[in-house]
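Here the structure comes first, spelled out in structure tokens, and everything after it is commentary.
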Amino acid sequence: MPARDGSGGYWAGEWREDELVAKEFDRDGVRVVVSIGRPVPFPGRVGWRCRVRVDRGTRFEQSQVVAPTEREVLRLALDLVTGRLLIAEAELLDGATACGEELRAALDPDR
């Protein structure tokens, strides 16, 4: 994911290792940048957390979702982004930079 440049936008940049999904697109003439971090376990606790960032022009939102399992926390992160942007999950993931196998494994209900 590109690095925040302080002006409400992002610089073109490299994929960050802590990201699972990243997507940039235009909506109604506004650049939208989405980042979903890799789920990580809470140190010394039970549960997982996942960071979510959505930058819409001059509006930057950052959240963290928490759930008991890796799969549940990723599902919450995807639901949060798609709900905020009012888009389908397929629309978010289509053309996104994503760790495909890792994402599929994290969402696998048989895991």
Side-chain angles (χ1 to χ4, degrees):
M1 182 66 144
R4 185 134 173 93
D5 73 6
S7 66
Y10 282 84
W11 291 322
E14 301 175 1
W15 173 258
R16 288 183 20 184
E17 291 297 318
D18 65 340
E19 290 178 323
L20 190 59
V21 176
K23 182 165 182 173
E24 295 184 45
F25 59 97
D26 288 318
R27 174 179 252 178
D28 300 327
V30 175
R31 191 74 179 154
V32 178
V33 181
V34 176
S35 170
I36 298 176
R38 294 178 190 277
V40 293
F42 273 110
R45 294 187 188 176
V46 175
W48 291 74
R49 70 173 171 81
C50 188
R51 294 178 192 257
V52 176
R53 296 178 184 97
V54 177
D55 186 351
R56 293 185 264 186
T58 59
R59 184 175 175 187
F60 180 69
E61 302 169 37
Q62 186 168 296
S63 302
Q64 180 171 271
V65 292
V66 178
T69 68
E70 181 182 19
R71 185 175 148 272
E72 289 172 303
V73 81
L74 184 54
R75 172 62 41 218
L76 285 173
L78 288 167
D79 290 347
L80 178 66
V81 170
T82 58
R84 272 190 189 161
L85 298 176
L86 300 174
I87 60 175
E89 186 176 305
E91 187 179 353
L92 172 66
L93 297 176
D94 183 43
T97 303
C99 297
E101 284 304 314
E102 189 174 344
L103 181 60
R104 275 190 289 283
L107 292 173
D108 181 0
D110 296 328
R111 203 167 158 219

Problem set entry | Closest heavy-atom pair and its distance - D55, F60 | CB-CD1, 3.9 Å
Problem set entry | Atom of L20, atom of P39 and distance for their closest heavy-atom approach | CD2-CD, 4.0 Å
Exercise. Between L92 and I36, does a side chain to side chain contact (heavy atoms under 4.5 Å, CB included) hold up when you go through it step by step?
Worked result: CA-CA 11 Å; L92 172 66; I36 298 176; 4.3 Å; yes
Below 4.5 Å, heavy atoms only, C-beta onward: do [X] and [Y] meet side chain to side chain?
| X | Y | result |
| --- | --- | --- |
| E91 | L85 | no |
| C50 | L76 | no |
| V66 | F42 | yes |

For this session: Keeping the roles fixed (side chain from K23, backbone from V32), state whether a donor-acceptor pair exists under 3.5 Å.
Result: no
Exercise. What is the distance from atom CZ of R51 to atom CD of Q62, rounded to the nearest 0.5 Å?
Worked result: 7.0 Å
Problem set entry | Crowding at CG, D26 (>12 non-hydrogen neighbours, <6.0 Å) | yes
Exercise. How far apart are the C-alpha atoms of V30 and R59, what are their side-chain angles, what is the distance that settles it, and do they pass the side chain to side chain contact (heavy atoms under 4.5 Å, CB included) test?
Worked result: CA-CA 10 Å; V30 175; R59 184 175 175 187; over 6 Å; no
Exercise. Between R75 and E89, is there a salt bridge with N-O shorter than 4.0 Å?
Worked result: yes
Exercise. Would you say the side-chain atoms of S35 and E19 include a donor-acceptor pair closer than 3.5 Å?
Worked result: yes
